[in-house]
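Okay, so here's the structure we're looking at.
Read the numbers this way: they start at 1 and go in the same order the structure lists the ligands and their atoms.
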Amino acid sequence: MKLTYLGHSAWRIDGSRTIFIDPFLSQNPRSTTDPATIDRADYVLVTHEHRDHIGDAFEICRRTGAVLVSLHELSVKATDEGLRSIGANIGGLIKLDGLDLYFTQAFHSGISNPSGIVLVMDGKRIYHAGDTGLFGDMALIGAIHGPLDVALVPIGGHFTMDEVSAAKAVELLKPKIAVPMHYDTWPLIEASPDKFKALVGNHSTVMIQAIGSAMEV
Ligand code: NI
Ligand code: MN
């Protein structure tokens with residue numbers, strides 16, 4: 001499976017299905033991906049409605065016919081705009097064609113509830129933390145949905161965990177690989193992925209991804 005970092009909290013995952021998560025592209029000053037070039041997607045997953053996460057999600061769904069999957073309120077908005085959408089909520093297994101999902105809690109604000117997402121595809125288990133502060137039940141996410149192959153965690157601070165909180169999150173989640181995200185997009189969330197990596201130490205392998213780069217898991 002290939003994971004491509006599209007900057008901020010945006011990811012493209014290519015396996016038996018093509019998935020985008022939080023595709024904030026056209027308004028991201030550091031993005032290297034023109035959303036108009038995305039011509040195929042099966043699912044677009046959105047953790048919450050803040051514009052740096054919903055980003056170009058609706059446009060990608062409109063063009064590719066991909067199904068938008070999110071918590072209920074955002075899904076209703078997508079359906080109202082004529083898109084294919086599946087609304088879910090925080091809790092148990094959401095079984096889709098070629099993809100298993102679990103929405104998890106995230107400690108963050110919003111008109112509608114924010115979430116994290118555990119996705120299981122082709123036997124790989126990936127956790128996208130969304131925007132969140134640190135919470136102790138990340139240990140539960142790691143225990144119930146693990147062993148996690150990859151945890152994608154925000155480190156930029158101010159709106160989310162910083163390097164210190166995110167390193168503790170990795171200790172609780174126990175993923176094989178941890179990848180920092182949601183930093184350096186703007187001066188307000190400047191952070192050091194190297195500091196994060198040093199703090200994680202030997203708890204997990206930290207892979208620092210350049211924007212536009214891909215990793216195989
Ligand atoms: Ni947010
Ligand atoms: Mn955000």
Side-chain angles (χ1 to χ4, degrees), residues 3-13 19-33 35 38 43-61 68-78 85 87-90 101-119 126-135 137-138 141 150-170 173 178-193 195-196 208-212:
L3 274 73
T4 307
Y5 184 44
L6 304 180
H8 206 56
S9 291
W11 290 86
R12 174 184 179 132
I13 302 177
I19 296 167
F20 287 84
I21 309 177
D22 286 0
F24 172 61
L25 304 171
S26 58
Q27 300 299 309
N28 179 350
R30 300 198 59 217
S31 171
T32 57
T33 304
I38 297 167
Y43 298 104
V44 178
L45 314 179
V46 181
T47 61
H48 64 297
E49 94 287 355
H50 288 161
R51 69 185 181 93
D52 59 319
H53 294 263
I54 190 158
D56 302 286
F58 281 23
E59 189 205 323
I60 293 167
C61 288
L68 185 135
V69 193
S70 66
L71 293 197
H72 175 72
E73 286 75 13
L74 193 52
S75 167
V76 167
K77 204 169 155 193
S85 182
N89 226 307
I90 293 165
L101 292 178
Y102 302 87
F103 283 89
T104 65
Q105 68 179 359
F107 277 73
H108 194 60
S109 69
I111 304 300
S112 55
N113 283 345
S115 66
I117 300 171
V118 174
L119 71 93
I126 297 165
Y127 170 57
H128 185 296
D131 276 359
T132 188
L134 178 64
F135 53 94
D137 282 351
M138 282 182 176
I141 293 171
V150 183
L152 310 170
V153 294
I155 68 161
H158 197 99
F159 302 109
T160 69
M161 298 189 286
D162 57 14
E163 303 96 327
V164 176
S165 297
K168 177 55 79 173
V170 171
L173 290 161
V179 187
M181 62 178 184
H182 207 274
Y183 66 97
D184 287 0
T185 314
W186 304 283
L188 204 55
I189 57 170
E190 270 170 14
S192 166
K195 178 183 174 186
F196 167 69
I208 299 168
Q209 294 297 297
I211 294 172

- Test side-chain contact (heavy atoms from CB on, under 4.5 Å) applied to Val46 and Ile21, Leu68, Val69, the passing residue: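 With Val46 as partner, side-chain contact (heavy atoms from CB on, under 4.5 Å) holds for just one option, Leu68.
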- Message: Suppose we only count N/O/S atoms under 2.8 Å; would His8 qualify as near the Mn ion (ligand 2)?
- Response: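 Looking at His8, which is the residue asked about, there is no N, O or S atom under 2.8 Å from the Mn ion (ligand 2).
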- Message: With respect to the Mn ion (ligand 2), please indicate if His108 possesses an N, O or S atom at a distance under 2.8 Å.
- Response: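 His108 does not place any N, O or S atom closer than 2.8 Å to the Mn ion (ligand 2).
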- Item | Heteroatom of Asp131 nearest to the Mn ion (ligand 2) (N, O or S, atom name) |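 Among the N, O or S atoms of Asp131, the one closest to the Mn ion (ligand 2) is OD2.
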- Please find the N/O/S atom of Asp52 nearest to the Mn ion (ligand 2) and write down its name.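 Sorting the N, O and S atoms of Asp52 by distance to the Mn ion (ligand 2) puts OD2 first.
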- Message: If you consider just the N/O/S atoms, which atom of Asp131 is the closest one to the Ni ion (ligand 1)?
- Response: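 Closest to the Ni ion (ligand 1) among those atoms: OD2.
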- Task: Measure from the Ni ion (ligand 1) to every N/O/S atom of His50 and report the name of the nearest one.
- Result: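 In His50, the N, O or S atom with the shortest distance to the Ni ion (ligand 1) is ND1.
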With distance as the sole test, does [X] use its side chain to make a donor-acceptor pair with the main-chain N or O of [Y] at under 3.5 Å?
X	Y	result
Asp22	Asp52	no
Ser75	Ser70	no
Gln209	Val179	no

- Could you grab the angle centred on the Ni ion (ligand 1), going from NE2 in His108 to NE2 in His48, to 10°?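 Taking the Ni ion (ligand 1) as the apex, the two atoms subtend 100°.
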- May I ask you to check whether Asp52 brings an N, O or S atom to under 2.8 Å from the Ni ion (ligand 1)?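 Here the distance criterion (N, O or S atom, under 2.8 Å) is not met by Asp52, so no.
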- Query: Please walk me through it: do Gln27 and His8 pass side chain to side chain contact (heavy atoms under 4.5 Å, CB included)?
  - Reply: CA-CA 11 Å; Gln27 300 299 309; His8 206 56; over 6 Å; no
- Query: With a 6.0 Å cut-off on ring centres, are Tyr5 and Trp11 close enough?
  - Reply: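 So the answer is yes for these two rings.
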